[in-house]
Number of protein chains: 2
Amino acid sequence: MATIHDVAKKAGVSVTTVSRVLNNRGYISEKTRNNVFRTMEELNYQPNELARSLLRKQSNLIGLIIPNVSHPFFSELASYVEYYAYQQNSKVLLCNSHMDPVKEKEYIEMLKRNRVDGIIMGSHTLEVDEYRNLNSPIVTIDRQIDENIPFISSDNYRGGQLATELLIQKGCRKIAHICGNLKLNMLANQRTQAFEELTGRHNIEHVTIQTDMNVFDQKQYEHIIHTLLQEHPDVDGIFSTSDIIAAFAIKECVRAGKRIPEDVRIIGYDDVNAANWIVPEITTVKQPIEEIGRLAIELIRKQLEDESFERQNILPVKLIERATT
Amino acid sequence: MATIHDVAKKAGVSVTTVSRVLNNRGYISEKTRNNVFRTMEELNYQPNELARSLLRKQSNLIGLIIPNVSHPFFSELASYVEYYAYQQNSKVLLCNSHMDPVKEKEYIEMLKRNRVDGIIMGSHTLEVDEYRNLNSPIVTIDRQIDENIPFISSDNYRGGQLATELLIQKGCRKIAHICGNLKLNMLANQRTQAFEELTGRHNIEHVTIQTDMNVFDQKQYEHIIHTLLQEHPDVDGIFSTSDIIAAFAIKECVRAGKRIPEDVRIIGYDDVNAANWIVPEITTVKQPIEEIGRLAIELIRKQLEDESFERQNILPVKLIERATT
DNA sequence: TTGTATGCGTTATCAC
DNA sequence: GTGATAACGCATACAA
């Protein structure tokens, strides 16, 4: 592959001149410029970004660490992150942690070795200290590490409220809530908090079940819900912490001969595309996935350019009522 | 961020020695080695991969260009690609072309400028010539560019056969087939070919409808299927070229008051996870997505290491019968 | 067993 | 307007 030296030699100028043409800097005669451009075409020259990055200490690479892109929420998030990264000429390095602390840590180190401009953390299996001193720009999604590290989340407490309120208002007498692993200290736990406060206040019977929500384990989902329906056959409302789990809840309810929403009302979370193309369409709490992705990129950029930025970014959620309630 | 010089200075050795410790090359006394390791720890040293890549002319970066990660087929593919890349210490650059030729071309050039080890092309909007002379290792998925560029696909013709045969065997009298854009010269078009040959041979009434399958446009799907059911109310079998489209077919059939599979039998394609968690579970033709991802990485590696490799990689498909037929 | 010098491809500084 | 040269951080050939 041609280098700047090849171009210079063939065009009969110095590398400095080629570099100037390339970066459109300094004074250059029109004739030289055209000559150089033509030569670059002829040699099919592509400047080596590795060399550039090394010199200017900026790779234009952004690391995205998530549990797994094959989960719809994260695939949509990744899509938006990539979209907005592209707008500012950044490239996205895709990292699936599979919720494995070892892999997550290795990925963080790999990203640092590659001198990424910043890291978007959508997976959180490590202790806070590990994140604190990796002094590269970072943004966390749905987890608050400390005062200085910006995070983005949607209003989880409000989301939990909206979901629970809807089920109560529809007349549910016994509500099950399926949430992620509460030990992980994610902001999403506030949904559960809201659920328990509201059901408690209204004196509604309720049961909370934890899963490793981020691990996309379909068998686990099926099993959990199957068990739930067996142990609590009188459940008439389910608030699940993702639309995918809600889909499994629908499936198990149908299998158990229950009608939706007549016998059981179900509400999901996220409003991923899938919520809209399954039957019955899932009532859900919409997270602004695009805005989360856009903001993540923006927060990385602002840290990089030493602009001021908001540490706490809590975005609004919205209740989307469809056919399952 | 500390450099190899900082480590050398602090440890009281030369950079060569540090480099040797780092790469475990040549003879080094145990004492020096430990000393250097300790110093690296103290300085929290991470070798700069950009510099390494520049020197050894290998970035360990692999570009993945797909229409959109938010489409389940591609999100699952991306997940496996990332998984197998990680196994061999490669990193994945995620590129969504959105089926935009301009963006696809820009991405290819960006990847070349970043000296990626290879490119996995899952999006195909350009003319063959554009791919031919980008002399970096490349693998295409579901499209054959020319003799020399390896491609991976599953056995599309066989898949089309399996799907069509099943519907015929189940007694369908009028079958609709929803496929991608046939102009794009993808290998997936062979599914349509098989469909038309088989329905023709069995003298079954049939209708074929094209979509931009790769663009994840839900409104388009709904509209197309809605129109289909209106114009051909007597359709009793639908073979759609992705599970997502099949999901929309289910939705529209239910909306039109048709029972599945009694009134209309539906078969999808891909066997993405979603096929399994919607109700009714979708009968489908399974593509070996994991194997496609694994092979893609392997083919890049083999080209890189000048090993011999297969140009034509056509993987077997499998009929998965579930509840929609 | 360890160190010195050179180059990877680029850009910035300074000189002409 | 243009060119020579040093540096970015690292690995290797060659010396010692």
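The basis for the numbers below is simple: all heavy atoms, side chains too, and nothing from hydrogens, waters or symmetry mates. We name chains A, B, ... by the order of the sequence lines, and we start the count at 1 in each one.
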Output yes when [X] and [Y] qualify as a salt bridge under the 4.0 Å nitrogen-oxygen rule, no when they do not.
X: A:E106; Y: A:K103; value: no
X: B:E30; Y: B:R33; value: yes
X: B:R294; Y: B:E290; value: no

Using a cut-off of less than 4.0 Å, is there contact between a side-chain N or O of [X] and OP1 or OP2 of [N]?
X: A:Y27; N: D:dG3; result: no
X: B:K31; N: C:dT1; result: no
X: B:T17; N: C:dT2; result: no
X: B:S53; N: C:dC8; result: no
X: A:N23; N: C:dT11; result: yes
X: A:T32; N: D:dT2; result: yes
X: B:R52; N: D:dA11; result: yes
X: B:R25; N: D:dT12; result: yes
X: A:S14; N: D:dG3; result: yes

Protein-nucleotide distance ([X], atom [atom1]; [N], atom [atom2]), rounded to Å:
X: B:H5; N: C:dA5; atom1: NE2; atom2: C1'; result: 11 Å
X: A:R20; N: C:dG9; atom1: CZ; atom2: P; result: 21 Å
X: A:K9; N: D:dT2; atom1: NZ; atom2: C1'; result: 20 Å
X: B:K57; N: D:dA11; atom1: NZ; atom2: P; result: 15 Å
X: B:R56; N: D:dT12; atom1: CZ; atom2: P; result: 8 Å
X: B:N35; N: C:dT2; atom1: CG; atom2: P; result: 10 Å
X: A:N48; N: D:dG9; atom1: CG; atom2: P; result: 16 Å
X: B:Q58; N: D:dA11; atom1: CD; atom2: P; result: 14 Å

So what does [X] hit on the nucleic acid, given a heavy-atom distance under 4.0 Å: a base, only sugar-phosphate, or nothing?
X: B:S19; answer: base
X: A:I28; answer: sugar-phosphate
X: B:T16; answer: base

Quiz item: Can you tell me if A:T17 and A:S14 form a side-chain donor-acceptor pair at under 3.5 Å?
Solution: yes
Quiz item: Between B:R115 and B:L55, which is nearer to the 5' end of DNA chain C once each is assigned its nearest nucleotide?
Solution: B:L55
Quiz item: Closer to the 5' end of DNA chain C via nearest nucleotide, is it B:A51 or A:L22?
Solution: B:A51
Self-check item: Results of ring-ring contact (aromatic ring centres under 6.0 Å, His included) for B:Y86 - residues two or more places apart only
Solution: A:Y107
Quiz item: Between the main-chain N or O of B:I149 and the side-chain N or O of B:D146, is there a donor-acceptor pair closer than 3.5 Å?
Solution: yes
